[in-house]
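Residue numbering restarts at 1 for every chain, and letters A, B, ... go by the order of the sequence lines.
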There are 2 protein chains.
Amino acid sequence: MRHHPAAMDRLRTVGLRPTRQRLALARLLFDQGDRHITAEMLHSEVMATGVRVSLATVYNTLHQFTEVGLLREIVVEAGRSYFDTNTSAHHHFFHESKGTLTDIPADQITVAAVPQAPEGTRVKSVDVIVRLED
Amino acid sequence: MRHHPAAMDRLRTVGLRPTRQRLALARLLFDQGDRHITAEMLHSEVMATGVRVSLATVYNTLHQFTEVGLLREIVVEAGRSYFDTNTSAHHHFFHESKGTLTDIPADQITVAAVPQAPEGTRVKSVDVIVRLED
DNA sequence: ATAGCTGCAAATGCTTTGCAAGGCC
DNA sequence: GGCCTTGCAAAGCATTTGCAGCTAT
């Protein structure tokens with residue numbers, strides 16, 4: 001049995017038990033650079049590696065990872081959620097015909113003069129989605 | 001029977017038959033300034049006015065109106081679509097705890113230096129959502 | 001008359017949940 | 001051992017669709 005310290009440590013650090021399922025998912029998510037993935041896609045991938053993980057667990061895990069800041073959820077279409085392994089400030093291209101997301105580096109777009117948040121509220125995030133068509 | 005010329009004309013102009021249902025929905029949508037509304041909300045409203053319209057028809061009508069440019073669809077949460085009666089360029093505040101959308105006038109926010117669209121694609125729209133929390 | 005609409009109910013697609021069984025510490 | 005996790009299947013939502021009957025022109 002192989003151990004992948006990075007994934008293991010990542011889980012311990014955020015206080016989630018490094019179970020077989022969470023380790024397999026963490027490796028797929030974080031061991032290959034930035035990814036934009038849906039629960040279904042991740043489920044297919046993990047099954048393809050031979051590790052049995054239920055779709056329900058994939059959903060639960062994605063949300064747990066999001067809660068502890070390992071992932072960021074991106075909403076581009078009603079009825080489907082994407083999860084982004086890059087949690088730093090950046091924005092996205094969304095290719096509507098293909099249903100794929102691509103990063104727009106933070107330095108390639110400028111959002112200026114964001115208006116003051118209304119009384120009693122704070123700005124949680126500013127999400128920019130540039131929708132592309134063919 | 002009352003006739004509301006504006007709603008009637010709006011439908012004829014875009015080539016949709018001014019049926020009883022579409023007229024009722026168009027009046028609720030367009031006769032009171034900018035609105036951000038979901039299918040469920042609109043369905044409740046129209047039923048409250050005493051006009052029977054099925055939820056399926058509300059969905060169909062919202063999409064037809066969107067296709068002909070009378071509405072703009074805004075996606076802020078997975079699993080729910082909002083429709084905006086203001087189709088001009090502007091962005092939104094989304095109050096997460098209340099689930100409400102508010103306009104940010106185009107002149108109160110600046111999105112600059114949008115990167116070139118990748119080969120073979122066009123920018124369809126640039127959507128900015130400023131998420132607010134309490 | 002007829003092409004376009006509508007309503008209903010069933011189907012769909014994604015996501016969440018309840019609960020018993022299993023696994024990490 | 002005890003508590004956290006997982007898997008399964010069922011339930012939940014928002015939305016879409018098929019089709020028979022209705023309606024605007």
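Side-chain contact check for A:H36 and A:D103: at least one donor-acceptor pair (N or O, by modelled atom type) lies under 3.5 Å.
C:dT15 atom P lies 11 Å from atom CD of A:E77, rounded to whole Å. At whole-Å resolution of the value, CD in A:E67 and P in D:dT5 are 12 Å apart. Atom CG of B:L62 and atom C1' of D:dA14 are 13 Å apart (whole Å). Regarding B:R52, its CZ atom lies at a distance of 12 Å from the P atom of D:dT23, rounded to whole Å. B:I37 has its CD1 atom 16 Å from the C1' atom of D:dA14, to the nearest Å. Per the geometry, CZ belonging to B:R12 stands 15 Å off C1' belonging to C:dG4, to the nearest Å. As rounded to whole Å, 9 Å separates atom P of C:dT17 from atom CG of A:N60. To the nearest angstrom, P of C:dG4 lies 12 Å from CD of B:Q64.
Place B:G15 and B:A78 on DNA chain C by their nearest nucleotides, and B:G15 ends up nearer the 5' end. Comparing B:F83 and A:Q21, the nucleotide of DNA chain D nearest to each residue sits closer to the 5' end for A:Q21. Each of A:A56 and B:R20 lies near DNA chain D, and the nucleotide nearest A:A56 is the one positioned closer to the 5' end.
A close approach under 4.0 Å does occur between a side-chain nitrogen or oxygen of B:T19 and OP1 or OP2 of C:dT6. OP1 and OP2 of C:dT16 both lie 4.0 Å or more from every side-chain N or O belonging to A:Y59. Distances shorter than 4.0 Å separate none of the side-chain N or O atoms of B:R17 from OP1 or OP2 on D:dC22. Taking side-chain N and O atoms only, A:R22 has a distance below 4.0 Å to OP1 or OP2 of D:dT5. At least one side-chain nitrogen or oxygen of A:T57 sits closer than 4.0 Å to the OP1 or OP2 atom of D:dG7. Of the side-chain N and O atoms in B:H63, one or more sit less than 4.0 angstrom from OP1 or OP2 of D:dT16.
Residues B:L25 and B:V58 meet the side-chain proximity criterion, which asks for heavy atoms closer than 4.5 Å.
Among the heavy atoms of the strands, none lies under 4.0 Å from B:T38.
Checking side-chain atoms of B:R10 against main-chain N and O of B:R27 turns up no donor-acceptor pair under 3.5 Å. For A:R17 (side chain) and A:R22 (main-chain N/O), no donor-acceptor pair under 3.5 Å exists by modelled atom type. Between the side chain of A:R35 and the backbone N or O of A:L28 there is at least one donor-acceptor pair closer than 3.5 Å.
Here the nucleotide nearest the side chain of B:P18, chosen from D:dA24, C:dC14, C:dC5, is D:dA24. The A:R80 side chain lies nearest to C:dC14 when the options are C:dC5, C:dC14, D:dG7. Closest to the side chain of A:L55, out of D:dA14, C:dT15, C:dC8, is C:dT15.
In this pair, A:F94 and A:Y82 present their aromatic rings perpendicular. The plane angle is above 60°, beyond the 30 to 60° band.
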